[in-house]
Amino acid sequence: QAAAEATLRSPICCVLGHVDTGKTKLLDNIRSTNVQDGEAGGITQQIGATFVPTSALAQRTAVINRQGRLELKVPGLLVIDTPGHESFSNLRLRGSSLCDIAILVVDIQHGLEQQTIESISILKKRKTPFVVAINKIDVCYGWTPRLHSGFRASFKNQKGHAQKHFNELASKIVLQLAEQGFNAALYYENKDLKKTVSLVPTSAKTGEGIPDLLGLIVQLTQRWMATRISFKTNVECTILEVKKVQGLGTTVDVILSQGSLKQGQTIVLCGLDGPIRTTIRELLMPQPLRELRVKSNYVSHKVVSAAQGVKIFAKHLESAVAGTPLYVIDDNTDESRIKEIEEKV
Ligand code: GTP
Ligand code: MG
Ligand code: NA
């Protein structure tokens, strides 16, 4: 039994879906931030990353976990936000390639839309497990908000016509998912987690259903993906963005999916004119519950362990290529392995 209790890393959860279904707003609700308000035209144009520590998960799931049945074993959750606008399918591909599990966000009034279908086909191709957040439940006729409540407590509290409207809209989505080849059920009625997609009703405006959503993601990753999310020392790391930071220089924002990065380590990256070999000068992270893509007071770290979104400062990063892997070289890496890495990048 002891061997099975491996150290877990934070699972990586990607948020996907059609434009304006409320992906960023859901994260804003979880973080208590206003990132969405600051976006040009209210449209996300980059991949984001936010670390949700276990303390925040515990706090947010408390209302649905009075009996303490949900045991939090993960050190947190790394949530990847993606754009839903049709022109960013490359970023949806990149975001989803990094994740262990996904939340597909659907607007309850609109049902499945074009980029919902596109996202489903990406998830199918990669065999990525996912849950569906049926978002904006607060728009159902005569909905009485119950801030930050678990969905079931809130639903019980609704008048008949609000419940009826919700049921009608949710049934439509179940039918549309069936057309895509998926059985789906409200998560608490789902008897077969392996064959049936779980639906979680949410509101990014009122916070209803968000405890359920976080609880479900933690439960699914801990229960079904323990091997995949066990901590390993081999570094797996992908470049999200190459960015100039005033007063510092060119940096790369990366997702560290496995292993640890350390200040002073030698890294090899893919550059436009061939491999870049350089040394990590600074490992910068936003505070927990803050978005990596939003400029903030980054905190410098000596060591960072997966999974995390990290900003790396080093020399020669100007020609680094987003979307490519980053490799670590140490004293034990022999020349032939370095050659091999440099040929790869
Ligand atoms: P893209 O990243 O551009 O694809 O959009 P998104 O999916 O991140 O949606 P976003 O968070 O930008 O929200 C789109 C609009 O829907 C905003 O005006 C939000 O205020 C609104 N919205 C999001 N969630 C909810 C919700 O639960 N209820 C209501 N009433 N409005 C919501
Ligand atoms: Mg967004
Ligand atoms: Na939007």
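Just so you know, ligand 1 is whichever comes first in the structure, and atom 1 is the first atom listed for that ligand. Numbers for residues simply follow the sequence, beginning at 1.
- For a threshold of 3.5 Å applied to N or O pairs, the pair formed by Gly22 and ligand 1 contains at least one separation below that value.
- For ligand 1, the atoms sitting less than 4.0 Å from at least one non-hydrogen atom of Val19 are 3 (O), 4 (O), numbered in the order shown with element in parentheses.
- Two residues are said to be in side-chain contact when any heavy atoms from C-beta on lie closer than 4.5 Å; Cys14 and Thr82 meet this criterion.
- At the shortest separation from atom 5 (O) of ligand 1 among protein heavy atoms lies Asp20 N, 3.0 Å.
- Lys23 N, 3.4 Å is the protein heavy atom nearest to atom 6 (P) of ligand 1.
- Without hydrogens or angle criteria, Asn65 side chain to Arg69 main chain gives a donor-acceptor distance under 3.5 Å.
- Side chain of Asn135 to main chain of Ala204: a donor-acceptor pair is present (N/O by atom type, distance under 3.5 Å, no hydrogens or angles).
- Gly17 does not count as a contact of ligand 1, since none of its heavy atoms falls under 4.0 Å from the ligand.
- Between the side chains of Ser154 and Asn157, no donor-acceptor pair of N or O atoms lies under 3.5 Å.
- Aromatic ring centres of Phe166 and Phe151: separated by under 6.0 Å.
- With Arg293 contributing its side chain and Ala49 its backbone, the two residues share no donor-acceptor pair below 3.5 Å.
- In terms of protein heavy atoms, atom 28 (N) of ligand 1 is closest to Asp138 OD1, 2.7 Å.
- Ranking protein heavy atoms by distance to atom 31 (N) of ligand 1, first place goes to Lys136 CD, 4.0 Å.
- Using a 4.0 Å cut-off between heavy atoms, Gln36 contacts ligand 1 through its side chain alone, with no backbone atom that close.
- Close approach of ligand 1 to Val139 is summarised as follows: ligand atoms under 4.0 Å from at least one heavy atom of the residue are 30 (N).
- Under 4.0 angstrom from ligand 1, there are no non-hydrogen atoms of Leu26.
- Counting heavy atoms closer than 4.0 Å to ligand 1, residue Thr24 contributes atoms from both its backbone and its side chain.
- Of all the atoms in ligand 1, the ones that sit under 4.0 Å from a non-hydrogen atom of Gly42 are 3 (O), 12 (O).
- Side-chain N or O atoms of Gln265 include one that pairs as donor or acceptor with a backbone N or O of Lys262 at under 3.5 Å.
- Closest to atom 11 (O) of ligand 1 among all protein heavy atoms lies Lys25 N, 2.8 Å.
- Between the Ser96 side chain and the Leu93 main chain, a donor and an acceptor come within less than 3.5 Å of each other.
- Under the 4.5 Å side-chain criterion, counting only non-hydrogen atoms from C-beta, Thr116 is in contact with Leu104.
- If you look at the Mg ion (ligand 2), the protein N, O or S atoms less than 2.8 Å from it are Thr24 OG1, Thr44 OG1.
- Hydrophobic clustering (ILVMFWY, side-chain heavy atoms < 4.5 Å, transitive): Phe130 and Val174 are in one cluster.
- Looking at Gly84 next to ligand 1, an N or O pair under 3.5 Å apart turns up.
- Here the side chains of Glu118 and Glu86 are not in contact, with every heavy-atom distance at 4.5 Å or above.
- A donor atom on one side chain and an acceptor atom on the other are found under 3.5 Å apart for Ser198 and Asn190.
- If you chain together hydrophobic residues whose side chains sit under 4.5 Å apart, Ile103 and Ile255 never meet in one group.
- Protein non-hydrogen atoms do not reach within 4.0 Å of atom 18 (O) of ligand 1.
- When O of Gly42 and OD1 of Asp20 are joined through the Na ion (ligand 3), the resulting angle is 110° to the nearest 10°.
- Annotation: Tyr141, atom OH; neighbour count of heavy atoms from other residues, nucleotides and ligands within 6.0 Å does not exceed 12.
- A salt bridge is absent between Asp334 and Lys339; no separation between the charged side-chain nitrogens and carboxylate oxygens falls under 4.0 Å.
- Under a 4.0 Å criterion applied to the non-hydrogen atoms of Asn135, ligand 1 contributes the atoms 24 (N), 25 (C), 27 (O).
- Among protein heavy atoms, the minimum distance from atom 3 (O) of ligand 1 is reached at Thr44 N, 3.1 Å.
- For ligand 1, the atoms sitting less than 4.0 Å from at least one non-hydrogen atom of Ala204 are 24 (N), 26 (C), 27 (O), numbered in the order shown with element in parentheses.
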